[in-house]
Student: 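First the structure, which I've put down as C-alpha cells, then a few questions once you've had a look.
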Amino acid sequence: MQLQGKHILLGVGGGIAVYRAVELMRLLMKQGADVQVVMTKSAQEFVTPLTFEALSGNKVHTDLFDLTEQHGMGHIQLVRWADMVVVAPATANLITKIARGIAEDLLTTLLLASEVPVLVAPAMNVSMWGSAGNQANIKLLQERGFYMVEPAAGALACGEVGAGRLAEPSDIVQAVLPMLTEQSLKGRTWVINAGPTWEAWDAVRILTNRATGALGAKLADAAAIRGAKVILIAGKGTPNTRNDVQRIDVESTAEMLDVCLQYAQGADVFVGTAAVSDYRFSETKAGKLKRQGSSSIQVELVENPDIIQAVAAMDKRPHKVLAFAAESENHIQFAKDKLKRKGVDAIVANDVSNMGAKHASGYYVTANDVVELEAQDKTNFVANLIQHITT
Ligand SMILES: Cc1cc2nc3c(=O)[nH]c(=O)nc-3n(C[C@H](O)[C@H](O)[C@H](O)COP(=O)(O)O)c2cc1C
C-alpha cells in the first residue's frame, strides 16, 4: 500500500489501449490510491464509463459543460483534489493538446489548470509515434515539465510491429511511486547485496542456501523510490527490481566480494542482506563428478572472506555499513558481538525463519541501542528499516 491516501486523477484518451487503463486503475487502487477517472469523448467509444465507475467506486467525469459537475467536482476542483495526474493511454491528439496548452474538453482543460505533476503514457501506431509532428510534441511536452513513461516496442493492436504500445500498467505504477514519495534519499548512493551465493563443487553441483533475495530487492526498490541511486549486487534468483536500480548479477561469494568492494567505495550506505556462504569447496572439479563407488566421500570446505567486514574496513568506506544477521537463537547477543567484530554501524538481527517468508521482523542493533522491528510484510518492513537507517 505505497500510495495510501494519495489522490490520482486518471485521464483516459481514445486509443485501443483504453482497456489497459482499467488494469492500471486497479493496480493504483491496490496500492491504496483513491482514483478519479476523466475520459475523453473518443475514449468512451472503446470502453464505457460504467466499467471505470463500477471498479473505482467513483463517478467518471466526461463533460466540461456538466451543470451537476460544476456543483460537485468541477474541472478546477478535480485537479486541485489530485496529488498527480496520469494520462493513459495518451493519444497523439492528446499529446499535441497537452504540449501546446490547448483546452477544449474536460481533460485538456483540467490539464492546463494543473499545478501537480502530470505523467503521460503514450500509446499509438508505430508510424504515428515516429512521425515528426508527434516527436516534436513529445519533445515540447518534456521541455514543459511533463513526465513520460516511454511506450514499449512489440506487436501493436493494428497488426504492425514497433514502438508505440502502452507501457505495462505495472511499469506505469512504478513510475508513479517516486512522484508521490518524498525524495528523502535524493543525492545518496546505496549499495545493497542480496540473495544466496552459489559455490560450485563441479560443473553442475553447488553449495547454496534458502535465501530468496526478496528483502534485498524490496529494499533496493524502496531506496530508489525515495530518490537514491541504488546498486543491487544480486545473487542467483534475486527477484527483479525497478528499472532504475542498477543490478549486477553474481554467483559466488568471491565474485560478490569483488563487486561489493568496487561499488561500495564512497557510497553513503551499504546494506548486506545477502546470505553469503561462509565456506566454499577447496577446489571446483572440472566436468560432472561421477559416483565414486564408495559409501562415503570426503569433501573439503575452506572459509570464504567476510564481505561485510571487508566493506567496513575498506578505504573510503561507506558512511554507514549495515549487515543482516540471520540467527536461530540469542539474536540480540550474537548481533552485538558481530557489530564489534565486523566494525559495522548496525546489525539487523532476524530469525532464520524470515528466509523465504512473506513477512519479516527483527531487531535493529547499534552500539547504543536495540530497537524491535515489528513483524510486517517486506515492503513495510523495509520502509521502517530505511527510517532507522536515515535517523
Ligand atoms: C480503432 C481505433 C483505434 C485508435 N487507436 C489509437 C491509438 O492507439 N492511439 C492514438 O493516438 N490514436 C488512436 N486512434 C485515433 C484517436 O481515437 C483519435 O485521434 C481521437 O481524436 C483521439 O481523441 P482523444 O485524444 O480526445 O481521446 C484510434 C482510432 C480508432 C478508430
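Atoms within a ligand are numbered from 1 in the order they appear, just like the ligands themselves. Heads up: numbering here begins at 1 and tracks the sequence.
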Student: Please list, by chain and number, the protein residues whose heavy atoms come under 4.0 Å of ligand 1.
Tutor: Gly13, Gly14, Gly15, Ile16, Thr40, Ser42, Phe46, Thr91, Ala92, Asn93, Leu94, Ala123, Met124, Met128
Student: Please tell me whether Asp337 and Gln333 have a donor and an acceptor in their side chains that are separated by less than 3.5 angstrom.
Tutor: yes
Student: Is the His331 ring parallel, tilted or perpendicular to the Tyr363 ring (thresholds 30°, 60°)?
Tutor: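 Answer is tilted, since the angle falls between 30° and 60°.
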Student: Distance alone, cut at 3.5 Å: any donor-acceptor contact between the side chains of Thr253 and Glu199?
Tutor: yes
Student: Report yes or no: do Asn243 and Asp171 form a side-chain donor-acceptor pair below 3.5 Å?
Tutor: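 The answer is no; no qualifying pair exists.
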Student: Would Asn93 and Thr96 count as having a side-chain donor-acceptor pair, cut-off 3.5 Å?
Tutor: no
Student: Where do Ala228 and Trp190 come nearest, in terms of heavy atoms and distance?
Tutor: CB-CD1, 4.0 Å
